[in-house]
Amino acid sequence: MTELGSRFAYTARPIPPYDFRLTVRKPAGWPLFTPFEVYADSTLWSALRVGGTLIGVRLSNLGTVESPRIRVSLSSREALSAYEREHVASALNSRLGFDEDLGPFYAMARNDQILKHVVSDLYGMHDTDMGDVFSGALLAISLQMTSMPRSNAMMECMIKRYGEAAVFDGRRVMFWPTPKRLAAFTPQQLAESCKLGYRAKFISALSKRLASEPFPSVEELKAMGPADAKRLLMGLPGIGDYSSDIVSPHGGFPIDVWSADIFGKLFFGREPRNGRAAIERIKSFGMKRWGRWSWMAFYYVAQDLENLSRKLGISLRLT
DNA sequence: GCGTCCAGGTCTACC
DNA sequence: GGTAGACCTGGACGC
């Protein structure tokens with residue numbers, strides 16, 4: 001357990017529109033940084049790692065969608081220097097999309113027959129980044145070739161068994177393990193303890209790689225071009241085309257068997273007969289249609305399936 | 001109850 | 001460079 005007793009706070013003013021609830025507590029249930037974060041009374045308690053340091057995060061909504069104000073309280077084990085505080089705050093602001101202008105995306109989306117619905121339903125929802133590269137990669141690998149209930153079970157087991165507890169503000173938030181921690185176990189031990197199956201070999205190799213070699217942070221990946229970030233991520237064990245689109249702070253168009261059914265219906269009016277075989281075709285079609293906004297389009301559609309089903313009169317599978 | 005299929009992919013051997 | 005096949009596990013389904 002890690003007691004995070006040193007705290008600093010500031011008030012952020014994101015670029016409007018900024019819907020706090022939609023951004024930190026996404027309609028589809030995707031967690032912000034960890035499945036164990038807590039949301040109550042317009043406040044989120046979560047955690048993330050910046051430069052290997054575990055940070056407790058409390059976000060409180062003080063404003064409105066058009067005039068957003070968010071009180072940010074960050075807790076760490078040791079007191080941070082002024083430089084470190086600035087670095088941590090900058091990393092968090094970037095992950096929460098505070099400086100992201102939704103205007104250009106909305107301008108394109110309002111002229112698109114699919115997206116015009118989702119940007120109306122989810123007005124002010126910003127894109128957010130993973131807590132760190134390793135936790136994003138563990139999430140992506142857990143999603144591969146299995147059902148959502150089993151993916152969730154694998155992730156929760158890894159976090160509970162090998163992760164770190166951020167204790168602050170009277171709360172206890174479990175966060176993802178470090179590469180060093182997981183690198184201490186064999187693939188067999190990981191597979192047996194959390195029923196990871198063949199993914200244990202990927203996770204073990206990934207842990208050893210990131211524990212022994214430097215790898216760009218989320219901020220560094222964001223600072224480089226999308227293609228360079230994707231190339232680096234795909235060099236990691238267990239991270240292919242789909243997973244790199246999930247982990248990259250630039251996003252992508254992460255079409256898998258589940259989303260191939262959804263976008264097949266949206267683009268062509270029906271689910272593909274063979275979802276796996278249709279992935280390439282649907283991904284290519286979507287990226288051609290939405291270009292640099294492909295990730296935002298994917299993100300907004302995935303969060304709005306229920307409303308979209310009703311508005312378009314088609315059944316989009318939620319899970 | 002039992003066997004088969006397949007799910008929110010990636011890697012490798014083989015051609 | 002392109003592609004078939006292997007890979008854990010467990011729920012759904014047919015019999």
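The basis for the numbers below is simple: all heavy atoms, side chains too, and nothing from hydrogens, waters or symmetry mates. It should be emphasised that the depicted structure is a prediction, and the values quoted were computed from it without experimental measurement. Letters go in sequence order (proteins before strands), and every chain restarts at 1.
Classification of the A:Phe263-A:Phe298 ring pair by plane angle, with boundaries at 30° and 60°, yields parallel.
No side-chain donor-acceptor contact under 3.5 Å links A:Lys195 to the backbone of A:Glu192. Of the possible donor and acceptor atoms, none in the side chain of A:Gln303 sits under 3.5 Å from a partner among the backbone N and O of A:Met125. Judged by distance alone, with hydrogens and angles left aside, the side-chain atoms of A:Tyr106 form a donor-acceptor pair with the main-chain N or O of A:Gly124 at under 3.5 Å. Not one N or O on the side chain of A:Ser60 forms a donor-acceptor pair closer than 3.5 Å with the backbone of A:Thr43. Checked by atom type and distance alone, the side chain of A:His126 pairs as donor or acceptor with a backbone atom of A:Pro17 at under 3.5 Å.
Residues from residues 266-281 of chain A with heavy atoms under 4.0 angstrom of DNA chain B, sorted by number: A:Arg276. A heavy atom lying under 4.0 Å from DNA chain C marks none of the residues of residues 228-241 of chain A.
Shown here for A:Arg289 and A:Gln113, the closest heavy-atom pair between the two residues is NH2-N, 4.1 Å.
The gap from the P atom of B:dG8 to that of C:dT3 amounts to 25 Å, rounded to the nearest Å. When the P atom is used for both C:dC8 and B:dC2, the distance is 25 Å, rounded to whole Å.
If you check the side chains of A:Asn93 and A:Ser90, you find no donor sitting under 3.5 Å from an acceptor. Looking only at atom types and distance, the side chain of A:Ser315 has no donor-acceptor partner in the side chain of A:Ser309 under 3.5 Å away. Side-chain contact check for A:Trp176 and A:Asp132: no donor-acceptor pair (N or O, by modelled atom type) lies under 3.5 Å. Side-chain contact check for A:Ser244 and A:Lys230: at least one donor-acceptor pair (N or O, by modelled atom type) lies under 3.5 Å.
Rounded to whole angstrom, the span from the CZ atom of A:Phe253 across to the P atom of B:dG8 amounts to 17 Å. Distance CD1 (A:Ile141) to C1' (B:dG8): 14 Å, rounded to an integer number of Å. Rounded to whole Å, the distance from CD on A:Gln144 to C1' on B:dC11 is 11 Å. Whole-Å rounding puts the A:Met154 CE to B:dG9 P distance at 11 Å. Between the CG atom of A:Leu305 and the C1' atom of B:dG8 there is a distance of 12 Å, given to the nearest Å.
For the strand DNA chain C, secondary-structure stems (runs of at least three Watson-Crick or G-U pairs, all distances below 3.5 Å) span B:1-7 with C:9-15, B:9-15 with C:1-7.
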Under 3.5 Å, sequence neighbours excluded: what are the donor-acceptor pairs made by side chains of residues 279-287 of chain A?
{"unit_1": "A:Lys283", "atom_1": "NZ", "unit_2": "A:Asp241", "atom_2": "OD1", "d": "3.4"}
{"unit_1": "A:Lys283", "atom_1": "NZ", "unit_2": "A:Asp241", "atom_2": "OD2", "d": "2.8"}
{"unit_1": "A:Lys283", "atom_1": "NZ", "unit_2": "A:Asp245", "atom_2": "OD2", "d": "2.6"}
{"unit_1": "A:Lys283", "atom_1": "NZ", "unit_2": "A:Phe253", "atom_2": "O", "d": "3.4"}

Filtered N/O pairs between nucleotides 3-5 of chain B and protein, under 3.5 Å:
none

Enumerate all atom pairs, one protein N or O and one N or O from nucleotides 6-9 of chain C, separated by less than 3.5 Å.
{"unit_1": "C:dC8", "atom_1": "OP1", "unit_2": "A:Lys201", "atom_2": "NZ", "d": "2.7"}
{"unit_1": "C:dC8", "atom_1": "O4'", "unit_2": "A:Tyr198", "atom_2": "N", "d": "2.9"}
{"unit_1": "C:dC8", "atom_1": "O2", "unit_2": "A:Arg150", "atom_2": "NH1", "d": "2.9"}
{"unit_1": "C:dC8", "atom_1": "O2", "unit_2": "A:Arg150", "atom_2": "NH2", "d": "2.9"}
{"unit_1": "C:dC8", "atom_1": "O2", "unit_2": "A:Arg199", "atom_2": "NH1", "d": "2.9"}
{"unit_1": "C:dT9", "atom_1": "O4'", "unit_2": "A:Arg150", "atom_2": "NH1", "d": "3.4"}
{"unit_1": "C:dT9", "atom_1": "O4'", "unit_2": "A:Arg150", "atom_2": "NH2", "d": "2.9"}
{"unit_1": "C:dT9", "atom_1": "O2", "unit_2": "A:Arg150", "atom_2": "NH1", "d": "3.0"}

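The environment of A:Lys311 atom NZ is dense: over 12 non-hydrogen atoms of other residues, nucleotides or ligands sit within 6.0 angstrom.
For A:Phe267 and A:Trp290, the gap between ring centers is short of 6.0 Å.
Taking the nucleotide of DNA chain B with the nearest heavy atom to each of A:Phe202 and A:Ile246, the more 5' of the two is matched to A:Ile246.
Residue-level contact check: A:Ser243 touches the backbone only, with heavy atoms under 4.0 Å from sugar-phosphate atoms and none from bases.
For the pair A:Glu219 and A:Arg95, the salt-bridge criterion is met [side-chain N within less than 4.0 Å of a carboxylate O]. A salt bridge does not link A:Glu164 with A:Arg181: every distance from a Lys NZ or Arg NE/NH1/NH2 to an Asp or Glu carboxylate oxygen is 4.0 Å or more.
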